[in-house]
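Heads up, the thing below is written out as structure tokens.
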Amino acid sequence: MAVDMHKTCYGEYCGKPVLALNGTTEIYGDCGICPRGQTIDHSKICRQCLESPELYDWLFLGFMAMLPLILHWFFIEWYSGKKSSSALFQHITALFECTVASLATLLVSEPIGYLQLNSCRVQKLSDWYTMLYNPSPDYVKTLHCTHEAVYPLYTIVFIYYAFSLVLMMILRPLLIKKIACGLGKSDRFKSIYAALYFFPILTVIQAVGGGLLYYAFPYIILVLSLITLAVYMSASEIESFKDLLVRKKRLVVLFSHWVIHVYGIISISRVDTFEKDLPLLALVPGPTLFYLLTAKFTDPSRIRLEEGSGH
């Protein structure tokens, strides 16, 4: 049925769906919720999301995809033990699981069958929480207009977590059962049990704080990567460049943190031209160099020795 375009459409996220197209004239439905994959335009008309995600959107999705992978690697390393030969295979399997889950998520999203996405532009924080803006025109009946205004940045993360969880439950137990000879029976599946805890936690975080994460994730990346790098170097008693070269694993951890630093810096810059980021990327080794140059001055044994000699 046709609707008078001058009739007020209540609410910030309520819109009129396009029911049919009569030549060049669009016929609109009643003001209400927009179908999935659509959001309102400036005229309060529901329009299909056909734009490609911006670089920042891809970086956000990459961050959300990295979270379970990093947690997988952490718990695999935590429970594998120093002498276990299964850790490397489990790390590779976790990477394979997350990679396949990412590809599968893209393939089942619009446009289906392609490794690309159709999306709507994120304009403001409230776009992530449309359920909080359902209007009550007569102060009695609520007009429900909740829809995914940031399509598909909100729901695609849940789809990815579901694929990751299914793949982990299929592949990881078979792998551990065959190669985890260095672990006790009670320790073999602890990394899987840990994932059964952190996947629901990540899901709740995305459901409640997805919009906040969208704007804060570059800073979260930089802060957490700096903290974890400092903790690792301190726990491993790395106080010089020579200590870094003793084990290849230390270099792998260092370069991994540097990659994460680069990711965070590019996310903060929000530019599409890589050349503009190059001066900022020179700061990546800075925290490591600062730690190595100042570690000897903060060694607790040296401080205690100086205090003893002072007395």
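A quick note: this is a predicted structure, and the numbers were derived from the prediction, not measured.
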Test side chain to side chain donor-acceptor pair (under 3.5 Å) applied to S109 - qualifying residues, sequence neighbours left out: none
Residue pair Q90 / H72, side-chain donor-acceptor N/O under 3.5 Å: no
Student check: side-chain heavy atoms of V259 and V284 closer than 4.5 Å: no
Partners passing side chain to side chain contact (heavy atoms under 4.5 Å, CB included) against Y291 (at least two apart in sequence or in another chain): M233, S234, A295
Audit row: I268, L222, side chain to side chain contact (heavy atoms under 4.5 Å, CB included) steps and yes/no: CA-CA 10 Å; I268 289 177; L222 286 179; 3.3 Å; yes
Test of ring centre spacing under 6.0 Å for F217 and Y56: yes
Residue pair T39 / V150, side-chain heavy-atom distance below 4.5 Å: no
Under 3.5 Å side-chain donor-acceptor pair for Y214 and D57: yes
CA sep, side-chain torsions, deciding dist, call: W258, F255, ring-ring contact (aromatic ring centres under 6.0 Å, His included): CA-CA 5 Å; W258 283 3; F255 289 132; 5.4 Å; yes
Exam field: side chain K190 to backbone F75, donor-acceptor pair closer than 3.5 Å: no
Closest approach of H147 to T130 (non-hydrogen atoms, all atoms of both residues): O-OG1, 2.8 Å
Minimum side-chain heavy-atom gap W73-L69 below 4.5 Å: yes
Pairing residues for W128 by the side chain to side chain donor-acceptor pair (under 3.5 Å) criterion, not counting sequence neighbours: none
By side chain to side chain contact (heavy atoms under 4.5 Å, CB included) - contacts of V100 (at least two apart): F96, L167
Main-chain N/O of D127 paired with Y13 side-chain donor or acceptor, under 3.5 Å: yes
Sub-2.5 Å SG contact, C14 and C9: no
Partners meeting disulfide (SG to SG under 2.5 Å) with C98 (sequence neighbours left out): none
Heavy-atom neighbours of Y232 OH exceed 12 at 6.0 Å: yes
Contacts of type side chain to side chain contact (heavy atoms under 4.5 Å, CB included), residue L107, not counting sequence neighbours: L115
Where at least one partner belongs to residues 191-217, residue pairs that pass salt bridge (charged side-chain N to carboxylate O under 4.0 Å, His left out), sequence neighbours excluded: none
Test item: Y151 and Q38 side chains (from C-beta on) under 4.5 Å apart, heavy atoms: no
Non-hydrogen atoms of F60 and Q206 that approach each other most closely: CZ-OE1, 4.1 Å
Side chain to side chain donor-acceptor pair (under 3.5 Å) against T155, all qualifying residues, sequence neighbours excluded: R36, E148
Exercise: identify the closest heavy-atom pair between G211 and Y215: O-CD1, 3.2 Å
Heavy-atom side-chain proximity of T105 to F158 below 4.5 angstrom: no
SG(C46) to SG(C34) below 2.5 Å: yes
Partner residues of K124 under the salt bridge (Lys or Arg N to Asp or Glu O under 4.0 Å) criterion, sequence neighbours left out: E12
I220 versus F63, closest heavy-atom pair with distance: CG2-CZ, 4.4 Å
Partners passing salt bridge (Lys or Arg N to Asp or Glu O under 4.0 Å) against R172 (at least two apart in sequence or in another chain): E97
Shortest non-hydrogen contact between I76 and A94, atoms and distance: CD1-CB, 4.2 Å
Pairs involving residues 101-140, ordered by first then second residue, that meet disulfide bond (SG atoms under 2.5 Å apart) (sequence neighbours left out): C49-C120
Backbone N/O of A207 and side chain of Y154: donor-acceptor pair under 3.5 Å: yes
Closest contact, heavy atoms only, S225 versus I221: OG-O, 2.8 Å
For T203, side chain to side chain donor-acceptor pair (under 3.5 Å) partners two or more places apart: none
Y193 and F189 aromatic ring geometry - parallel, tilted or perpendicular at 30°/60° bounds: tilted
Side chains of I156 and L117 in contact at under 4.5 Å (non-hydrogen atoms): yes
